[in-house]
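Here the structure comes first, spelled out in C-alpha cells, and everything after it is commentary.
Numbering starts at 1 and runs along the sequence shown.
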Amino acid sequence: MIWKHLLLGAVCLASFRAFAQSTTEPAQEVLLRLMPRLAPQFHLILSQPKDGRDFFRISGTQGHIEVEGATVPTLLYGVNTYLKEVAHLQVSTNGLQLGSAALQLPAPAQPIKRPALYPWRYALNENVDGYTAPYWDQKRWQREIDILALSGINAVLIERGTDYVLYQTFRDAGYSDEAIRRWITQPAHQNWQLMGNMCCFDEPISLELLKKRAESAKQLIASLRSLGIAPVLPGYYGIVPADFAETHPGAHVIPQGEWNGFTRPGWLDPRDPQFATLAASFYRHQRELFGDSPMFDMNIFQEGGTSGDVPEAAGAKAVQDALEKSNPGAIWFMMAWQKEPTPQLLSSLDTSRVLIADIEQGRVPRETREKDFLGAPWLYGGLWEFGGRTTLGAPLYDYAVRLPEMAKRPGSKIRGIALFTEGLDTNPYAFDLYTEMAWHAEPVDLPEWTRAYTGRRYGAEDAHAERAWQILLKTAYGYRADGVQGHGERDASADSLFNAQPSLTAKHADLSAPDELRYNRDDLAPALTELLQAAPALRTTETYQYDLVDIARQVLANSARELLPEIKAAYDGKDKEAFDRLTSEFQERMRLEDRLLRTNQYFLLGRWLSYVPQWSSSAEESDRLNYDARSILTTWGDRKASEDGHLHEYGNKDWAGLVNDYYLLRWRMYFDSLRDSLSSGQPAQPIDWYAFGDRWNHETKSYPAVPEGDAYQAATEIARRLKLMPNSSSLAKGPQE
C-alpha cells in the first residue's frame, strides 16, 4: 500500500538528512548552473514536517515562486514539478527549454503539495561508468548530478575511485605495486571488473590515474552529499587476483571461469578468515577516501559466476556480516538480473538490510517478486537501453501503468524506482516519464501525458509536434514486456544495421540486441514528416534540435532494414546493375546520417574522446586510454572476447565520426568484396573485421567536439531522400532561412 511506503519514507528521512546540508544553498546553486535567468525567482525552503514524511509544496506570486521541501532532492523535484505543470518549461537530459529572456515565472493557481511515495529513487546502472561516464570531467559530471537532483533522485552509484581502494587493499595483502596495477583494468572497462566479470585488459593502469580518479570521486561524492543524495558505493564480496591462492597459501579461492571470453577474477570464500581481513581493509580505505555511505552495491554471481563448493547462503551471510561490521546498518544493494539473486543466496540474509533493483520488468512481466525475493524490499527498475546505444524506444506502459498498479497491491514490497539504463542521455522522453512515476500513485494516461510533454518540450502547443510524439508513443515507445524469449534484449529497441559488422543477413549490430523492430517502421516514419512542420518559432529550441536529429536518425536507420534485403536479392540474383545502385544508396544514406549527427552535441564521437586527454600523465598512457575509450565502442575487448564472446558492437552508437570513419568504411570494404565476387564468379574473400577494428582503436585522429551544420537542413535532406517530405508551405520560414 502507498501509505505503507509513506511510513517507511518517514523512517528513511532521518538517514537522508545525514547526507544533507541544513541550507538550501547547494540547491540554489543547481538552479544557478542550469537556469541562471530563472534561479533568482525561486525561494527555496527546507522544512521539518510534523508527520515526519518527505514532501514538497509549491506556492507564490508572479516572479516569486516559493518551493518548500523536507529534503533537498524532494525540494528540487518540487522546482521541476513547477516548471512542468505551471510554467510549461523543461529541464531534460538532452536540452533545456526555459522560455524567453524576459520571462517572469507565473504564480501557481493554488498551492501544490505532494508527499514522496517511496523512500528510494535510485540511479545508475553499473555499466554507465563504462558506456557513458568513464572519462567525464567534474563539470560534465556535475551537470548530470544536477539533472538527477531535479528529477528527484536521492541515491546515486559512484564507482569511480574504487580502483584505488582495490589497489590499497591488495597492497596491504602483499601484492607489489606493478602486480596489482596489472590486475586493474582501465576506466572504460573497469566496472565489469568490479562486477567480477573480467580483469587485466589494456593493463597496467598507472598509479597517477588511480589517484586522479580517487580525487575526482571525492568531489563527486561531496557534491552528492551537499544535495542530500546518498552516495552508493561498491562493496567487497570477494574478488581477488587469480593467483591469490598461490600468494596466500591455504586461501579457499573458487575459480570463476570465463565471461564472454575474459578470465574472471577469482572469488575468495567469504567464510575464509582471509576474506574478513580483505573486507576490513577495503572498507577502511574506502571510508578514509570517501567517508560513510548508507548503501553498498554488490552482485556476487553476476552473469554466470559460481559458488563452487561454497554454500550460497553461508557465503552471502559472511559477505553481509563483513559489510555490517565495517558499516553498521548499511544496506546491501543488488540487482535482479537473469537468475540472480537466487532464493538460496537470500535465505540467510537480514533482508531488512537488503534492497533489490528488479531491472527485468520491461522484458518479462514478473508478478511474484515479493515471493521471489523472500520478502526483501525492491525497486521497480527502468532499463530500456543497453550499451549506451542511441536508439529510440522504451516500454512506457510498464512504467506508467504496471508500476503503480503493482505498488498498490496488498503486501507490495516496492520501495521506489531504479534508473538502470546502461548509458545516459538518450531517450529524454522515457527518462522524464520514468523518474516522474516515483510520484504517481495511479496509472498515467500516456496520450495525455505526451500531449503535455510536447508543449513543455518545445515551449508551445503545436499540432504537428504533438502528432509526431503521438506517433512515437504508438510505435517506438508502444511496446511492453511480453516475456518472449529468443529475440534478443527486447526491453530495448533494435539497433542500427548501419552499425552492424557487414553481412547481407544482418538483423542487428550487437548479437544480443533485438533482431526485429517492435513496431512497423512505416508507421514511425511520419513522425519525421510531422516534426519538420512544427512552427518555426519552436525549431530554434535546444530540445527541438535534439529531437529532430534523433527522430531523423532513427527513421534513416530503420530504412536499412528494407534496403539490405534488396541488396541481398540483387547479389543472389547476380544483378550487378541493381547491386551497384542499391549499395550506392545504402552508403549515401550513411553519409547523410553522419552529416545529420554532426549538427548536435549529443551525437559526436569527438565529444566522447575530448574527455580522455586530461587523465593522461604520459604519451604511453595517452595511447592506452585512447585505446580504452575507442575499443569499448567497437571491438570491446581482445579477439577472443570480441569474436568468441560476441562483445563486438555491444556499445555501438550512431555518432558522427564513428559512422563515417568506421561503420561506413566497413560496409564499403564489404560491398567491394561482393562486387569483385560478382565479377570473378569466385566466393568473396573473407575480411578480418577484428583486425580492422583493432587498427581503428589504435588510431589517434581527432574529431570535432562541438556541433557544426544545420540540423533542420540535414533532416530535410533525409526526408527528401526517403520521400517523407511534407508540402512546401509547411516548411516556409524555417530556421535555416
Side-chain angles (χ1 to χ4, degrees), residues 387-391 426 495-503 506 509-510 545-546 548-561 563-564 567 582-612 626-627 629-636 648-673 675 687 689-722:
R389 297 174 213 146
T390 46
T391 50
T426 64
D495 56 12
S496 173
L497 297 190
F498 289 145
N499 305 350
Q501 185 168 290
S503 164
D510 166 61
Q545 291 279 307
Y546 173 84
L548 182 64
V549 171
D550 201 21
I551 292 166
R553 175 206 57 75
Q554 188 65 58
V555 170
L556 187 60
N558 287 353
S559 75
R561 293 180 177 272
L563 195 53
L564 190 60
I567 293 172
L582 291 168
T583 56
S584 176
E585 177 66 18
F586 192 94
Q587 293 173 80
E588 178 58 24
R589 291 184 187 184
M590 293 186 73
R591 282 188 284 269
L592 287 174
E593 181 184 39
D594 194 81
R595 207 169 303 150
L596 171 78
L597 299 173
R598 285 183 223 160
T599 67
N600 193 274
Q601 63 172 321
Y602 292 98
F603 298 97
L604 300 178
L605 171 63
R607 191 165 181 247
W608 166 263
L609 294 176
S610 71
Y611 293 113
V612 178
N626 175 68
Y627 179 79
R630 285 170 172 252
S631 62
I632 196 73
L633 309 175
T634 57
T635 57
W636 210 103
H648 66 86
E649 269 65 66
Y650 191 87
N652 75 83
K653 295 173 173 66
D654 296 0
W655 281 353
L658 196 58
V659 170
N660 193 70
D661 286 7
Y662 191 79
Y663 302 135
L664 177 57
L665 290 184
R666 293 197 306 185
W667 279 107
R668 184 180 302 157
M669 290 172 62
Y670 181 65
F671 290 147
D672 285 349
S673 74
R675 188 175 296 106
I687 299 172
W689 294 119
Y690 177 80
F692 173 88
D694 202 50
R695 282 194 301 272
W696 186 86
N697 295 340
H698 283 96
E699 290 177 4
T700 57
K701 177 181 176 180
S702 62
Y703 292 86
V706 294
E708 57 187 26
D710 187 309
Y712 194 86
Q713 189 177 64
T716 300
E717 190 174 354
I718 288 168
R720 187 175 291 114
R721 193 88 185 185
L722 299 180

* Side chains of F692 and M669: does their closest heavy-atom pair fall under 4.5 Å? -> yes
* Distance in Å, N499 CG paired with Y663 OH, rounded so as to fall on 0.5 Å steps -> 4.5 Å
* Asked: For K653 and G387, which heavy atoms make the closest approach, and how far apart are they?
  -> NZ-O, 3.0 Å
* **Separation between CG of L592 and CD of Q587, rounded to the nearest 0.5 Å** => 12.5 Å
* Side-chain donor/acceptor of W608 to backbone N/O of A629, under 3.5 Å -> yes
* Calculate, to the nearest 0.5 Å, the distance between atoms OH and CD1 belonging to Y546 and I551 respectively. => 9.5 Å
* **D495 to R561 - nearest heavy-atom pair and separation** => O-NH2, 2.9 Å
* Got P707 and L604 here, is their nearest side-chain heavy-atom distance under 4.5 Å? -> yes
* Asked: Taking Y662 as the fixed residue, which of F498, Y703, W696 is the one that meets the ring-ring contact (aromatic ring centres under 6.0 Å, His included) rule?
  -> W696
* Asked: Yes or no on side-chain hydrogen bond (donor to acceptor under 3.5 Å, both in side chains) for T700 and N626, after CA distance, side-chain angles and deciding distance?
  -> CA-CA 7 Å; T700 57; N626 175 68; over 6 Å; no
* Asked: Do you know which two heavy atoms are closest between S559 and L556, and how far apart they sit?
  -> OG-O, 2.5 Å
* With the threshold set at 4.0 Å, does a side-chain nitrogen-carboxylate oxygen contact exist between E699 and R695? -> no
* Structure fact -> Nearest heavy-atom approach of G606 to A705 is O-CB, 3.7 Å
* Asked: How about W667 and F671: are their ring centres within less than 6.0 Å of each other?
  -> yes
* **Counterpart residues, ring-ring contact (aromatic ring centres under 6.0 Å, His included), relative to W689 (two or more places apart)** => none
* Validation row: Y602, T390 side chains within 4.5 angstrom (heavy atoms) -> no
* Asked: What distance separates R595 CZ from M590 CE, expressed to the nearest 0.5 Å?
  -> 13.0 Å
* Asked: Hey, is E593 close enough to R598 for a salt bridge, meaning N to O under 4.0 Å?
  -> no
* Asked: Side chains of T599 and D710: is there a donor and an acceptor less than 3.5 Å apart?
  -> no
* **Beyond-backbone contact of L609 with S702, side-chain heavy atoms, under 4.5 angstrom** => no
* Under the side-chain contact (heavy atoms from CB on, under 4.5 Å) rule, what do V706 and Q601 come out as? Steps first, then yes or no, please. => CA-CA 6 Å; V706 294; Q601 63 172 321; over 6 Å; no
* Asked: Can Y627 and D694 be counted as having a side-chain donor-acceptor contact under 3.5 angstrom?
  -> yes
* Asked: Could you walk me through whether R721 and E585 pass the side-chain contact (heavy atoms from CB on, under 4.5 Å) check?
  -> CA-CA 10 Å; R721 193 88 185 185; E585 177 66 18; 2.7 Å; yes
* Hey, are D594 and R591 close enough for a salt bridge, meaning a charged N less than 4.0 Å from a carboxylate O? -> no
* Any chance the rings of F603 and W655 have centres within less than 6.0 Å? -> no
* Closest approach of L564 and S503, non-hydrogen atoms and distance? -> CD2-O, 3.5 Å
* To do: Show your reasoning for whether side-chain contact (heavy atoms from CB on, under 4.5 Å) applies to L605 and V659.
  => CA-CA 9 Å; L605 171 63; V659 170; over 6 Å; no
* When rounded to the nearest 0.5 angstrom, what distance separates CG in L597 from CG in D550? -> 9.5 Å
* Side chain R666, main chain A500, donor-acceptor under 3.5 Å -> yes
* Asked: Between I718, N600, L596, which is the residue that forms a side-chain contact (heavy atoms from CB on, under 4.5 Å) with R553?
  -> L596
* Asked: Measuring from L658:CG to T634:OG1, what's the distance to the nearest 0.5 Å?
  -> 7.5 Å
* To do: Please determine if D654 and R389 form a salt bridge, counting it only when a charged side-chain N lies under 4.0 Å from a carboxylate O.
  => no
